[in-house]
Peer 1: 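First the structure, which I've put down as structure tokens, then a few questions once you've had a look.
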Amino acid sequence: MDSNAVIVTAGASVGFFKLVNTALRRLPVPESACRNPWKWRNISTSLVHSLITGVWAVLCFCVHPEMAEDLRSTHTVFSHGLVSVSIGYFIYDFFDMFLNQKISQAWELLFHHTVVVCCFGLSALTQQFVGFSVVALLVEINSVFLHLRQALRMAGLTGTMPYRLNRALNLGTYVVFRISTLAWMTRWLVLNRSHIPLPSYTVGSLGLAIMTAMNIVLFCRLLRSDFLQVGSEGKREK
């Protein structure tokens, strides 16, 4: 894919996720989520993205396993398309939040999306480190459960079996597909330092440092909200 194809694919992706969000207006919303229908649609649209890209990222390595051996130069149109589609989604979601939510509430995610678009955009346009970007998109497997968690909470289903099951799956996939993936990516970047141009190494290092810090904070919040507080409530009841 050349630069024009990347831009067209990303643009089409923006339009696709806008259509998904618009279509969600026609679907019923849980009564407890009616207080903030925009957030319900935003979470649902994000869930669609995570389902698509999480599966797509796994298929990229199944279809072309050689990419795992050379994350810098080896990739396929299939994997290049995945990165381009994700760029489009993050651009769409950035403006969706920017236009519909207070900056004070959304600044973390707006900053996150800006970093991701810059890193993925550099990768897609230069056709370098596409495989590395696909590895980063493996975190979307965990994002499926993160978004489900938010949807279940908005629907008022926090005390149900589906929520407890999702809580466990969310924690497990968080460790495997977020923390472990980011740790592996950091190790790969350090070990291959001599083979990576300084600008790319700088962008990659800064991006990983920011993502790692944000994910550690989110992990602590999840533990406190879904496990530590639940344990404290159980002790009080006993």
Side-chain angles (χ1 to χ4, degrees), residues 1-30 33-34 36-61 63-64 75-103 105-151 154 203 207 211:
M1 293 175 65
D2 58 18
S3 297
N4 290 333
V6 170
I7 294 170
V8 170
T9 303
S13 176
V14 172
F16 170 76
F17 287 106
K18 175 60 178 176
L19 286 174
V20 169
N21 189 282
T22 302
L24 288 167
R25 294 175 182 269
R26 299 179 177 274
L27 298 179
V29 178
C34 289
N36 195 344
W38 168 81
K39 186 175 181 180
W40 176 263
R41 292 194 304 272
N42 179 268
I43 291 170
S44 300
T45 304
S46 298
L47 177 58
V48 171
H49 168 258
S50 295
L51 284 167
I52 292 172
T53 54
V55 173
W56 195 341
V58 173
L59 288 176
C60 284
F61 287 105
V63 172
H64 194 69
H75 64 270
T76 62
V77 174
F78 190 59
S79 55
H80 205 173
L82 167 61
V83 177
S84 302
V85 166
S86 288
I87 292 171
Y89 162 75
F90 286 113
I91 291 173
Y92 160 77
D93 198 48
F94 178 97
F95 284 103
D96 189 39
M97 289 187 293
F98 183 79
L99 296 172
N100 294 285
Q101 203 170 18
K102 293 180 180 179
I103 302 298
Q105 296 175 326
W107 73 269
E108 288 180 79
L109 282 175
L110 292 175
F111 181 57
H112 169 274
H113 287 14
T114 301
V115 173
V116 171
V117 169
C118 289
C119 292
F120 281 10
L122 180 65
S123 170
L125 292 172
T126 62
Q127 299 188 41
Q128 293 288 307
F129 304 101
V130 173
F132 195 70
S133 297
V134 174
V135 172
L137 283 166
L138 289 173
V139 303
E140 293 300 328
I141 295 172
N142 167 251
S143 293
V144 171
F145 301 103
L146 273 175
H147 297 317
L148 275 175
R149 173 185 179 274
Q150 288 180 294
M154 285 197 72
V203 171
M211 292 300 104

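What you see below is based on every heavy atom in this structure, not just the backbone, and it leaves out hydrogens, waters and symmetry mates. Bear in mind that the values here come from a model prediction, so they are computed numbers and not experimental data.
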Peer 1: Would you give the length of the straight line joining atom OG of Ser13 to atom NZ of Lys18, rounded to the nearest 0.5 angstrom?
Peer 2: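 Here the rounded value is 14.0 Å.
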Peer 1: Mind checking what makes side-chain hydrogen bond (donor to acceptor under 3.5 Å, both in side chains) contact with Asn100, not counting sequence neighbours?
Peer 2: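 Asn100 satisfies side-chain hydrogen bond (donor to acceptor under 3.5 Å, both in side chains) with Asp96 only.
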Peer 1: Who passes side-chain hydrogen bond (donor to acceptor under 3.5 Å, both in side chains) against Gln101, sequence neighbours left out?
Peer 2: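 Listed in chain order: nothing, the list is empty.
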Peer 1: Once side-chain contact (heavy atoms from CB on, under 4.5 Å) is applied, do any residues pair with Val8, and if so which ones, sequence neighbours excluded?
Peer 2: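 By the side-chain contact (heavy atoms from CB on, under 4.5 Å) rule, Val8 matches no residue at all.
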Peer 1: Mind checking side-chain contact (heavy atoms from CB on, under 4.5 Å) for Leu59 and listing every partner two or more places apart, or none if nothing turns up?
Peer 2: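 Leu59 satisfies side-chain contact (heavy atoms from CB on, under 4.5 Å) with Val55, Phe78 once adjacent residues are dropped.
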Peer 1: Measuring only between side-chain heavy atoms, which start at C-beta, is Val134 closer than 4.5 Å to Trp56?
Peer 2: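 Heavy-atom side-chain distance check fails, nothing below 4.5 Å.
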Peer 1: Please report the C-alpha distance between Val14 and Phe95 in whole Å, then the side-chain angles of each, then the deciding distance to 0.1 Å, and finally whether the side-chain contact (heavy atoms from CB on, under 4.5 Å) criterion is met.
Peer 2: CA-CA 10 Å; Val14 172; Phe95 284 103; over 6 Å; no
Peer 1: Could you state the interatomic distance from CZ (Phe94) to CG (Leu99), rounded to the nearest 0.5 Å?
Peer 2: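 With rounding to 0.5 Å, CZ (Phe94) is 9.5 Å from CG (Leu99).
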Peer 1: State which residues pass side-chain contact (heavy atoms from CB on, under 4.5 Å) with Ala151; sequence neighbours excluded, sorted by chain then number.
Peer 2: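 Listed in chain order: Trp40, Ile43.
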Peer 1: Within this structure, what is the CD-CG distance for the pair Gln150 and Leu148, rounded to the nearest 0.5 Å?
Peer 2: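 Spacing of CD (Gln150) from CG (Leu148) equals 10.0 Å.
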Peer 1: Would you please name every residue forming a side-chain hydrogen bond (donor to acceptor under 3.5 Å, both in side chains) with Thr76, sequence neighbours left out?
Peer 2: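 Thr76 satisfies side-chain hydrogen bond (donor to acceptor under 3.5 Å, both in side chains) with Ser79 only.
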Peer 1: Identify all side-chain donor-acceptor contacts of residues 82-91 below 3.5 Å with residues at least two apart in sequence or on another chain.
Peer 2:
from  : atom 1 : to    : atom 2 : distance (Å)
Ser84 : OG     : His80 : O      : 3.0
Ser86 : OG     : Leu82 : O      : 3.3
Tyr89 : OH     : Ser46 : OG     : 2.7

Peer 1: Please tabulate, for side-chain N and O atoms in residues 107-122, each donor-acceptor pair with protein atoms closer than 3.5 Å (sequence neighbours left out).
Peer 2:
from   : atom 1 : to     : atom 2 : distance (Å)
His113 : ND1    : Leu109 : O      : 3.2
His113 : NE2    : Asp93  : OD2    : 2.8
Thr114 : OG1    : Leu110 : O      : 2.8

Peer 1: What's the shortest heavy-atom distance between His147 and Ser50, and which atoms?
Peer 2: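 Result for this residue pair: CD2-OG, 3.2 Å.
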Peer 1: Please enumerate all residues that pass salt bridge (charged side-chain N to carboxylate O under 4.0 Å, His left out) together with Arg149, with sequence neighbours excluded.
Peer 2: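 By the salt bridge (charged side-chain N to carboxylate O under 4.0 Å, His left out) rule, Arg149 matches Asp226.
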Peer 1: Nearest 0.5 angstrom please: Leu146 CG to Ile141 CD1, how far?
Peer 2: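 Nearest 0.5 Å value for the CG-CD1 distance: 12.5 Å.
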Peer 1: Just to verify, what does Val20 make a side-chain contact (heavy atoms from CB on, under 4.5 Å) with, not counting sequence neighbours?
Peer 2: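 So Val20 forms a side-chain contact (heavy atoms from CB on, under 4.5 Å) with Phe16, Leu24, Thr45, Val48.
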Peer 1: Quick one: pull up CD in Gln128 and NE2 in His75 and give me the separation to the nearest 0.5 Å.
Peer 2: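 Result: 8.5 Å between the selected atoms.
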Peer 1: Could you walk me through whether Ser143 and Glu140 pass side-chain contact (heavy atoms from CB on, under 4.5 Å), step by step?
Peer 2: CA-CA 5 Å; Ser143 293; Glu140 293 300 328; 3.3 Å; yes
Peer 1: How far does OH of Tyr92 sit from CE of Met97, to the nearest 0.5 angstrom?
Peer 2: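 The CE atom of Met97 is 10.0 Å from OH of Tyr92, to the nearest 0.5 Å.
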